[in-house]
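To start, the structure itself, in structure tokens.
First listed ligand is number 1; within each ligand, the first listed atom is number 1.
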Amino acid sequence: MSIENLKPETLALHGGTYRSDSATGAVAVPIYQTTSYQFRDTDHADKLFSLDEDGHIYTRVSNPTQDAFEQRLAALEGGAAALAVASGQTASAYSILNLAGAGDNVVSATDLYGGTWALFAATLKHFGVEVRFVDPSDPENFRRATDERTKAYYAESLPNPKLNVFPIREVADIGRELGVPLIVDNTAAPLIIRPLEHGAAAVVYSATKYIGGHGTSIGGAIVDGGNFPWEEHAERFPTLNQPDPSYHGKVWVEAAKPLGPVAYVLRARTVLLRDVGAAISPFNAFQLIQGLETLPLRIRQHNENAVKVAEYLQGHPKVSKVIFPRYATGEEKRRAEAYLKPGSYGALLGFELKGGREAGRGFINALQLFYHVANIGDARSLAIHPSTTTHSQLSEEDQLATGVTPGYVRLSIGIEDADDLIRDLSQALEQA
Ligand SMILES: *Cc1c(COP(=O)(O)O)cnc(C)c1O
């Protein structure tokens with residue numbers, strides 16, 4: 001049997017080299033709740049520190065539970081390797097800091113998760129990294145914003161609230177022409193959008209969302225596509241191509257060679273996790289493995305339910321508009337068809353209440369099954385009214401620019417019974 005062409009349902013349970021615990025035979029990945037690992041002797045310690053032998057030294061940098069999660073996720077995503085970190089925010093921050101320093105810039109789509117927006121617009125600026133925001137509806141905007149200090153392009157595959165699928169191939173191609181890697185936050189669309197297959201160089205996740213699914217654990221990950229020619233652009237990427245004085249002069253593209261095309265994620269681990277240290281706990285890595293194992297099954301149910309809910313809302317007299325990739329038109333429809341797995345649209349949807357802000361409040365307060373939370377991607381269904389919560393600090397004008405109107409409601413559809421969800425929406429709409 002070829003292990004190569006396994007389907008996502010199989011990879012979610014078998015991806016990576018973990019089969020059973022080498023010490024005990026345990027089938028479930030054990031929680032290795034340890035900080036440190038005993039060296040066999042001084043020679044062994046030497047080899048581990050110089051990266052001449054693979055193994056664990058200290059859990060801030062690597063851990064066997066984390067390793068099993070990383071391998072499983074990399075296999076599922078079709079990447080060369082992955083790095084698990086403390087949160088989705090850490091994943092996006094490290095994905096940039098791994099390439100860019102003071103004086104450098106990154107070109108990012110404007111449609112971003114609020115936390116990423118704050119990181120890019122304010123915190124990275126304090127580090128001297130400029131983020132140039134461009135409208136992703138025209139991919140050429142990325143080219144126009146690029147110069148010799150541009151280290152990466154960044155975008156979300158399925159950003160909310162607009163839910164316009166990002167033109168991954170178009171922007172990745174521009175980047176490959178100019179020597180700039182595209183990093184895609186695929187948090188909202190695991191398995192249904194495959195950024196690496198469309199030319200992205202790396203994928204970041206908030207594993208807190210669909211990957212965990214249970215809503216118990218914060219975590220994040222960076223998946224290295226292993227497909228970007230860092231060495232061909234040695235001048236643009238000194239962090240990977242120049243001797244690293246913090247690691248006995250190692251050149252990361254060289255150091256990675258025995259391991260595969262994994263220089264990007266190798267440096268994020270050995271330098272950023274070592275020095276900045278936002279490591280995932282072994283317990284959370286274990287929790288995220290539990291989530292990953294049923295991810296393909298849950299995604300299918302999320303999708304099915306979302307389609308039913310969208311259809312119900314489309315016909316409701318109090319709803320003026322439903323925002324869901326299935327209902328995209330024009331160029332947006334073409335992109336949705338090009339990048340979404342056929343028949344899948346994700347489980348995020350937005351809708352517009354004719355009654356505006358007051359109707360939005362009335363609707364949210366009347367919900368009984370849907371949770372009123374800022375989160376997405378939980379197995380439970382979730383709802384939020386952005387203009388009175390996540391977007392309330394913005395001016396009305398800025399809210400509109402982000403796609404949030406006073407009557408806009410966002411739903412993250414869970415895996416409950418769709419008819420039960422529709423009954424809850426129906427009674428809440430009566431009170432909107
Ligand atoms: C939640 C989220 C993040 C941040 O992830 P945390 O795990 O909460 O740090 C980043 N991007 C997107 C699209 C998200 O939904």
Salt bridge or not between Glu140 and Arg143? Use side-chain N to carboxylate O under 4.0 Å.
yes

Atom 13 (C) of ligand 1 sits nearest the protein heavy atom Asp185 OD2, 3.4 Å

With heavy atoms and a 4.0 Å threshold, my read on which part of Thr90 contacts ligand 1 is neither

Hydrogens and angles aside, do Glu156 and Thr187 bring a side-chain donor and acceptor to less than 3.5 Å of each other?
no

Using a strict 4.0 Å cut-off to heavy atoms of Gly219, name the atoms of ligand 1 that fall inside it.
7 (O)

Does a donor on one side chain and an acceptor on the other come within less than 3.5 Å for Thr405 and Glu352?
yes

If you scan protein heavy atoms around atom 2 (C) of ligand 1, the nearest is Lys209 NZ, 2.5 Å

With no hydrogens and no angle check, is any side-chain donor or acceptor of Arg410 less than 3.5 Å from a backbone partner on Ala374?
yes

Could you list the atoms of ligand 1 found under 4.0 angstrom from a heavy atom of Ile376?
15 (O)

Ring-face cation of Lys162 near Tyr408 (centre distance under 6.0 Å, axis angle within 45°):
no

For the 3.5 Å polar cut-off, considering only N or O atoms, please tell me whether Ile218 and ligand 1 meet it.
no

What atoms of ligand 1 come within less than 4.0 Å of a heavy atom belonging to Ser87?
7 (O), 9 (O)

Passes ring-ring contact (aromatic ring centres under 6.0 Å, His included), Tyr247 versus Trp252? Steps please.
CA-CA 10 Å; Tyr247 221 108; Trp252 292 111; 5.1 Å; yes

Tell me, which protein residue and heavy-atom name are nearest atom 7 (O) of ligand 1, and how many Å apart are they?
Thr208 OG1, 2.6 Å

Strictly under 4.0 Å, does any heavy atom of Pro159 approach an atom of ligand 1?
no

Considering only protein heavy atoms, which is closest to atom 9 (O) of ligand 1, and at what distance to one decimal place?
Gln89 N, 2.9 Å

Would you confirm whether the ring centroid of His385 sits within less than 6.0 angstrom of the ring centroid of Phe363?
no

